[in-house]
Novice: 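This is the structure I have questions about; it appears just below.
Note: hydrogens, waters and symmetry copies are ignored here, and every other heavy atom, side chains too, is used.
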Amino acid sequence: MPIDVSLFEAIPGQLVQAFGEDPDYLGRVAGTLLGHSPSVIAVKDRHLHYRYANPAFHRYHGTTRAEIVGRTFTDLFPGHDEGALAAAEESVLETRAPRRFDCPLPRRIGTGHATGWVFALDPVGSASWLGLAYEDTSELVDSRVAARAAERRYEDLCRRAEVPLVAFSPVGRVVGANPAYCERSGYALDELRSLRTADLFSSSAVSAGSLPWRDLLSGKDSSFRSPARMRRSDGTLTAVHATVTYVPGADTQTPRVYCALDPVDARAPVGARPGGPLLGLVPGVRLDRTERQVIELLAEGKANTAVARRLALSRTGLDYRLAQLRRKLEAPSRAAIPSRAYALGLIEPGVWPPRVHQPPDR
C-alpha cells in the first residue's frame with residue numbers, strides 16, 4: 001500500500017542520494033521496504049493513534065488495516081497494558097530521543113514478548129509522529145527463563161551433593177564450591193574465591209591454559225578426567241580423580257568449568273570408566289601395550305637392560321620403542337619419558353608399582 005512520504009521527512013541523505021528526490025518514487029521505495037520487513041513496524045500520530053502498520057504488524061497482532069487506523073492501543077487491545085511501550089512513547093514525544101522497550105504485547109493468539117524501539121519520525125520538526133519497530137522475542141525470553149531455572153536447580157543439586165565440586169571461571173579463578181569441597185579441602189568459600197586452579201591442584205591437566213582445558217573451552221571436548229593431587233588449606237596433598245566439565249553460560253550468564261573429585265581408592269581406574277576422554281594427550285596419540293609397559297618400568301627406575309629383559313626386546317627393539325615414546329610424548333630425553341607421562345596424567349598417582357592408563361581415541 002502507498003505510504004505518505006510526508007511521514008518520512010527525516011529520510012537520511014544517502015537514501016535520497018541513492019533514489020533521487022521524487023516523493024512518489026521515495027514513497028514506493030519506503031512502501032516496499034516496510035511491506036517486506038520481517039519486523040513489526042507501525043506509525044502513530046502525536047495523539048498515539050495508529051496511522052500505518054506493515055503486514056508483519058497485522059500477522060503478529062491479528063489485525064487489519066481497517067481496524068487500526070485512527071485507533072489507539074487501548075482501543076485495539078482492551079484489557080492489555082502497554083507497560084514499557086507506553087513509557088517509551090511518552091519519553092520520545094517529550095525528548096525526541098529514540099527509546100528502547102522490552103515488554104509483553106498481545107499476539108494473534110495469546111500474549112508474546114516484544115523488544116524494539118520507539119523513535120520520532122521528524123526529530124527536528126514539529127510533527128511529533130512516532131515510529132515503532134519491534135520483533136517477537138518470546139522464544140528468547142522463554143529460553144532465558146528455562147535456562148535460569150535449570151541453573152538454579154543445578155546449583156541446588158551441587159550444594160546438596162556429597163561429591164566435592166569446585167567451579168572455575170574460564171581463566172581458572174574459583175567462582176564457587178559446594179560444602180563437600182570446602183570440608184574436604186579445609187578452605188572456607190570466601191578464601192577459595194581468591195584462588196586459582198594452580199593453587200588447588202598439582203596437575204598439569206587440571207590447570208587453566210592446559211591442552212585439555214583449552215579443548216573444553218573450544219568445544220572440542222565436553223569433559224575430561226584426570227588423576228590429580230588436591231592441595232588442602234594446610235598444604236597437604238590428597239590423590240584424587242578429577243572430572244572436569246565445561247558449562248557454557250546461559251544468555252548473559254558467565255560460563256563455568258566444574259571440577260568433581262573422587263578419592264583414588266573410591267572408584268575403578270579412570271581408563272575403565274565411561275564418559276569423557278582422559279586427559280589431553282597430543283591429539284591422535286595411541287600407546288600400545290608394550291609402550292605402556294616400557295613407561296611403567298622406566299617409572300619404576302629400571303635400567304634399559306632390565307626393561308629389555310622383562311619385555312623380551314632386543315637392544316635395537318628397545319631403542320626403537322624409546323624413540324617412539326619420546327616422539328609421542330614430546331619428551332626431550334629417555335630420562336624425561338616417565339616425567340612427561342606423569343605430567344600428562346598417564347601414570348596414576350598414589351599407585352605402586354606405576355600403572356599407565358591407555359588414553360581413549362580423540
Novice: Taking side chain to side chain donor-acceptor pair (under 3.5 Å) as the definition, give me every residue that meets it alongside Asp75, ordered by chain and number, with sequence neighbours left out.
Specialist: Thr72
Novice: Quick one: side-chain hydrogen bond (donor to acceptor under 3.5 Å, both in side chains) pairs with a partner in residues 313-327, sequence neighbours left out?
Specialist: Asp288-Arg321
Novice: Can you sort out the partners of His36 under side-chain contact (heavy atoms from CB on, under 4.5 Å), two or more places apart, ordered by chain and number?
Specialist: Thr32
Novice: Check whether any side-chain heavy atom of Ser37 sits under 4.5 Å from a side-chain heavy atom of Asn54, and report yes or no.
Specialist: yes
Novice: Could you tell me whether a side-chain N or O of Arg214 sits under 3.5 Å from a main-chain N or O of Gly209, the two making a donor and an acceptor?
Specialist: yes
Novice: Judged by atom type as modelled, is there a donor-acceptor pair below 3.5 Å linking the side chain of Ser138 to the main-chain atoms of His113?
Specialist: yes
Novice: Is there side-chain contact between Leu200 and Arg231, with heavy atoms separated by less than 4.5 Å?
Specialist: no
Novice: Considering only residues two or more places apart or on different chains, which pairs with a residue in residues 232-244 satisfy salt bridge (Lys or Arg N to Asp or Glu O under 4.0 Å)?
Specialist: Arg232-Asp234
Novice: Through direct or indirect side-chain contacts below 4.5 angstrom among Ile, Leu, Val, Met, Phe, Trp and Tyr, which residues connect to Val175?
Specialist: none
Novice: Would a 4.5 Å heavy-atom cut-off, applied to side chains only, mark Phe201 and Ser226 as touching?
Specialist: no
Novice: Please test Leu261 against Thr238 for side-chain contact (heavy atoms from CB on, under 4.5 Å), starting from the C-alpha separation and ending with a verdict.
Specialist: CA-CA 11 Å; Leu261 306 178; Thr238 301; over 6 Å; no
Novice: Students often mix this up, so state it plainly: with edges at 30° and 60°, are the rings of Phe168 and Trp213 parallel, tilted or perpendicular?
Specialist: perpendicular
Novice: Can you find a heavy atom in the side chain of Leu195 that is under 4.5 Å from one in the side chain of Tyr187?
Specialist: yes
Novice: Under the 4.5 Å side-chain heavy-atom rule for ILVMFWY, direct or indirect, which residues accompany Phe77?
Specialist: Val40, Leu48, Tyr50, Phe57, Tyr60, Ile68, Val69, Phe73, Leu76, Leu85, Val92, Leu93, Phe101, Leu105, Val118, Leu130, Leu132, Tyr134
Novice: Check whether any side-chain N or O of Arg334 sits under 3.5 Å from a backbone N or O of Leu322 as a donor-acceptor pair, and report yes or no.
Specialist: no
Novice: Could you check whether any side-chain N or O of Asp221 sits under 3.5 Å from a backbone N or O of Asp215, counting only pairs where one atom can act as donor and the other as acceptor?
Specialist: no
Novice: Decide side-chain contact (heavy atoms from CB on, under 4.5 Å) for Leu287 and Ile295; before the verdict, give the C-alpha distance in whole Å, the side-chain angles of both, and the deciding distance to 0.1 Å.
Specialist: CA-CA 10 Å; Leu287 299 178; Ile295 294 175; 4.1 Å; yes
Novice: For the backbone of Val171 and the side chain of Arg196, can you confirm whether one donor and one acceptor N or O come within less than 3.5 Å of each other?
Specialist: yes
Novice: Is atom CD of Glu183 surrounded by more than 12 heavy atoms (other residues, nucleotides or ligands) closer than 6.0 Å?
Specialist: no
Novice: Would a distance-only check, ignoring hydrogens and angles, find a side-chain to backbone donor-acceptor pair under 3.5 Å from Ser233 to Gly186?
Specialist: yes
